[in-house]
Every structure is written in C-alpha cells, then in structure tokens.
Amino acid sequence: MSKVIGIDLGTTNSCVSVVENNTPVIIPGASGSMTTPSVVAFTSKGERLIGESARRQAVTNTERTISSIKRHMGEKWSVRIDGTEYNPQMISAMILMQLKKDAEEFLGEKVEEAVITVPAYFNDIQRQATKDAGRIAGLTVKRIINEPTSAALSYGLNHGEPQKVMVYDLGGGTFDVSIIEIGEGVIEVLATAGDNHLGGDDFDERVCDWIVRKFREENHVDLSRDFMAMQRVRDAAEQAKKELSTNDTAHILQPYLIQNKGESLHLDMTLTRSEFESLISDLIARTEDPVRNALNDAGIAPSELGKVLLVGGSTRIPAVQSKVRALTGQEPSKNINPDECVAKGAAILGSTLQGNGLVAAGTGQNLLLLDVTPLSLSIETVGGVATRVVERNTTLPTRYSQIFSTAAPYQRSVDIHVLQGERPMARDNKTIGKFRLKGIKAAPAGVPRIEVTFDIDTNGILKVSAKDLDTGKEQSIVITADDRMSESEIAAAMQETQNYAANDQVRRDAIELLSEAQKLLSQSGERVKAAGKQLDRSLKKEIRSATASLRKLVGKCRLDKVERQELDEIRSAMRALEQCLSRMP
Ligand code: AMP
C-alpha cells in the first residue's frame, strides 16, 4: 500500500511530510530545504518553475510569476499566460505536483494519496477548490483537515497528557485560532475563529508603504510607479520584517533601485523594531476578537488552557507573541516548529486513515478526530433574512434538516439560496450555492412542506438536498456555486497536467539541447568573425543559412509544448551547421 502524504499548502510556503517508522518526517524539497515556496512561474520559453527556482526569478519576471495563490482560492480569479487561462486550483495543483514529486523521490515509490490542510476559516468553496487542486495534481485527497487541528495533532502526540490547547496560527495570508481538547486518542476541536485576510503579507505591505513614503520625502520620487523597483522594495520589506523578529533595527539597502533624471538612486534606510510595531499594531489587534470569540464559543476561560501553541511564520514577531501573552495570560509554547507541525499532523492523520495505530504516542490506538464547522450555514428566507440551519462550531460530520414552505399562493417552485456566515441578513453573508426546487404541488402559501437537509462531511464540505414532503419526491440537487470548477473543467485540467508531467523528460532534453544549440550559434558567430576575409564566400553563405535555420528552430521551440520531433529537427540543423564549420580553414 503506498503511503499517504500530509501536505501543508501554505500561502507563502508549503511543506510535505510522511510517517516513517512511526514518526512523521519532513520531506525536503528539490533545493534541500524543509519548505517549498508556494510560487509558480512561467518562463518566456514556456517552462514552469515551481518553488525556490520560481521565487528566485520573481523580480525579473513579475508578470509571469504567481505567489500567494492561496489568497484567491475559491475566488473567480484567473491569470492568462501564453493564451491559457489558469485559475487558483490549477496553479495550486502545480505546487502540489511538485510536492508529490519530491515525496516520490524521497520514498522511492509512487504517491497517490494525500491529506491536505486548509485554514480552519476556509469556507466550503475554498475547501472544495483545495480538493479539486489535489485531484488535478493526480492526488486522491483522503481528507481536508484544518491547519490548527493538524498542528494540535502533531503536538498532542508528543505531549500526550489530556488538556485544552489554543492554537494561534498567523501565517502569510490567514489568521486562525482554535481551541482544541486533546484526550487519549481523541482530538476534539471545541471552537474556531479567524480572519481569512490577515497575515504576514499585510505586515510587508505596511513596511512597503513606509519605505515608499519615506523615499518620496527624501528624494521626491514615487517608487510605486515603478513595477520592478516595487518588487525589490517588497522583498526588502519582508526581509526587514524578519530581521526585526530577532534584531532591534533592520537596515534596508537596495543599491541602484531607480533612475531619476539620469541619476541612480539607492534605497538606504533603517527601520527600528518599535517603528515597525507601530506600523502593524492595528493589524495585530485584529486577532483579539477571534481569540475572545473562540474562547467564548468553547466556553472556557484563558486560565483553563493547558498550552498556547504558536503556528505560522508570523508568530515569530515578538509583538505578536506579546499580544498572545496579553490575551491569554500564558507564555506561548515555542517548542514546536511553526513551519513543520501542520504538515506533520496531516501525515499522522494520513497514516491513521490507512488503519495504522497512533504513531509516536506508541499506543497503537486508533485516532478519533472531531473537527467543527467554522461558520454558520443558513438559507435565505422572506425579507432577505439568513435563517440558520447549522450553527458555527458544530462538530463534524453533521446532518441537519429543517422544514421550509412557500411564501406566495400556488407557488410551484422555490429558490434555495445557501449562505455561509454569521450576519443576520442574507446579503451580508457569502453565497455558496443557489438552486431551484421545481414541481411543488400547487397549494396556498405556507402549506407545502419542503425539507432542506445540510450534510457536512469530515472535510467540512457541504451537500444540500431538498425534498417535497407532500409528494414524497426527492429532488436531486447539486450546489453549483459560480466559482466552482465543473467536472469537465477538472477533467481537462487533469489531462493537461498529466500531459505536462509525461513530457517532463522531453523538456529536460530540450533544455539541454537548446543550451548546446545556443553555444554552437555563438561559437559559429565568433569563428566567422575571426576568419574575416579569409573565409570562402560560398562557405560563408552556407554558414549564414545554416545558422539562420538553427536560430529559427531554437526561437520557435516552446518548452511547454515541445515534442520529440522538434528536438530531432534542431539536432539535424546543429549537425548541418557543425559540418559547415568543420570545412572552415
Ligand atoms: P506561513 O504561511 O506559515 O509559511 O508564514 C509565512 C509568513 O511568515 C510570511 O509572511 C513570512 O514573511 C512570515 N515570516 C517567516 N519568518 C518570519 C520571521 N522570522 N519574522 C516575521 N515573519 C516571518
């Protein structure tokens, strides 16, 4: 049986883990590091770069480099590159494929199944999108699990005593807080809350704004108008932010940042930790309400917490740690690796889903994982009111039914509008699906009885069905949110991915061959130049024509579509040119 890998598909970095000899281990990426940047780039030659290599070239290839795609998960977002439209699921699938490949190389065997983590606060559409991304990458997603739950799972197994813990997870793009009860073989999420659009990227933006403002005051130049310069400023801002987690000051230095009136201007500034803290204090304060709400929903006081776990790169910021201390009255635990524990928890769950006993704890016990739904689910009723069907923080899996009726006399159909969120009015919540139940028996208003059932599985994914209780007929209804991919779109994306993967060897050969061809072209130019007038005119003409043919073939070759036959043509053009060169004196 092949192993189930655990994947933390992060906004900034991703991490993959697998259980080996009863212990979760992190699988190193291609560059040898424990995490892989969640960055995808398309080179002008049509090659796809993933991870560290994509991140490194981001500054020089901004428009064709995609980072923080997780922020768009489940949104109607797309990017068009070389005539192909890519949505967040497809971009995420490329990252997942890379992690799958790294895992296969590490294990020396095929990997087909995974557990993927998502922020607890992800809604149904975002979870579905993540699952679809896994499918596109050729993975069967055994389970979608909440990141804080996963972190608690990896922590809980090493520190087995039963207790309630808080997981405060502040990453690059999202904030999650969960209260989790760890028992003997049972991990139960009591409550979860958060903010889908809060994280380290926002801190970077504040530092960027500060740099741009200060640069304008000092040099009267607006950096924000220069795309390339801004890319460097963004990198420098993140670097400075990270340095300030350990140092009191950060020196921000970017030589030759921008040209102004024929003069090069350099970026040379110092940001102090206290200045940085005042730039981001309101953002950190936004974590207060979710923390209080989660504690309230779980019905516990901060003093009842056995441990406060910090997860996510942004919890390395001292001001964030102080905020956690102030909110909980506890010293947060630092002995878990915030970058790795989420993936490890997913690997542990993956292993137990295969029927293995609880790893690391050495108990051989089965694991019971009780997660909750992060947001309330409702349907829209008369007057635009959101009527609750499932309350937030309900333990999963769950199934709820409620009877609704018609609002107008002799109404033959009803529109069912499914919503996610806590607000009382439908328009203030997120629409996650709409459908029409037709064929209701003609009757006065309020007489028909329509049973609407919400089914939420262990992944937090929702199915809604409706039944006309009078006719007894159940209509099969599928939620089709506008931004979900259809089955045929997923199938097409899977096909494209598989073709791309199958062509990997051809592409690798092409990269090598193109570099040899470029070398030959420049050698030929140099030799013709060196020979000067000594070169026979007709041979010179032949060399020129052979060079032109080869250059044309090389220029035409696109790595994303390259085929063997094209490489053969390049090879024979190279041979023709080599033959001409061999006849030179
Ligand atoms: P994650 O999504 O958990 O990988 O977190 C990534 C975020 O953590 C990014 O915004 C990083 O800039 C941020 N981060 C990583 N290391 C540090 C650090 N030492 N200090 C502050 N922020 C950090």
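Order of listing sets the numbers, starting from 1, for every ligand and every atom in it.
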Would Glu238 and Arg234 pass as an ion pair if we require N to O under 4.0 Å?
no
What's the shortest distance from atom 19 (N) of ligand 1 to any protein heavy atom, and which residue and atom give it?
Arg316 CD, 3.5 Å
Salt bridge Lys110-Glu105, side-chain N to carboxylate O under 4.0 Å:
no
Check ligand 1 against Gly200 and write out every atom of the ligand that is under 4.0 Å from a heavy-atom position of the residue.
10 (O)
Going by heavy-atom distance to atom 7 (C) of ligand 1, choose the closest among Ser14, Gly199, Pro318, Gly172.
Gly172
Consider salt bridge (charged side-chain N to carboxylate O under 4.0 Å, His left out). Of Glu109, Glu20, Glu104, which one does Lys3 pass it with?
Glu20
Is a side-chain donor or acceptor of Asn219 paired with a backbone partner of Phe215 at a separation under 3.5 angstrom?
yes
Is any NZ, NE, NH1 or NH2 atom of the basic residue among Lys214 and Glu217 found under 4.0 Å from an Asp or Glu carboxylate oxygen of the other?
no
List every atom of ligand 1 that sits less than 4.0 Å from any heavy atom of Gly312, numbering the atoms from 1 in the order shown and giving each element.
3 (O)
In the protein, which heavy atom is nearest to atom 4 (O) of ligand 1, and how far is it?
Asn13 ND2, 3.8 Å
For atom 10 (O) of ligand 1, what's the nearest protein heavy-atom neighbour? Residue, atom name and distance, please.
Lys241 NZ, 3.2 Å
Where is the nearest protein heavy atom to atom 15 (C) of ligand 1: which residue, which atom, and how far?
Lys242 CE, 3.6 Å
Indicate yes or no for a side-chain donor-acceptor contact from Tyr500 to the backbone of Arg48 under 3.5 Å, with no hydrogens or angles considered.
yes
Out of Asp339, Thr12, Thr174, Asp201, indicate the one that has the non-hydrogen atom closest to atom 6 (C) of ligand 1.
Thr12
Closest approach of any protein heavy atom to atom 23 (C) of ligand 1, naming residue and atom:
Gly313 O, 3.3 Å
Return the residue, atom name and 0.1 Å-rounded distance of the protein heavy atom closest to atom 20 (N) of ligand 1.
Ser245 OG, 2.6 Å
Without swapping roles, check the side chain of Asn247 against the backbone of Ala250 for a donor-acceptor pair under 3.5 Å.
no
Does a donor on one side chain and an acceptor on the other come within less than 3.5 Å for Thr149 and Asp371?
yes
In the protein, what heavy atom is nearest to atom 11 (C) of ligand 1, and what distance, to one decimal place, separates them?
Glu238 OE2, 3.3 Å
Any idea which part of Ser314 is under 4.0 Å from ligand 1, heavy-atom wise: side chain, backbone, both or neither?
both
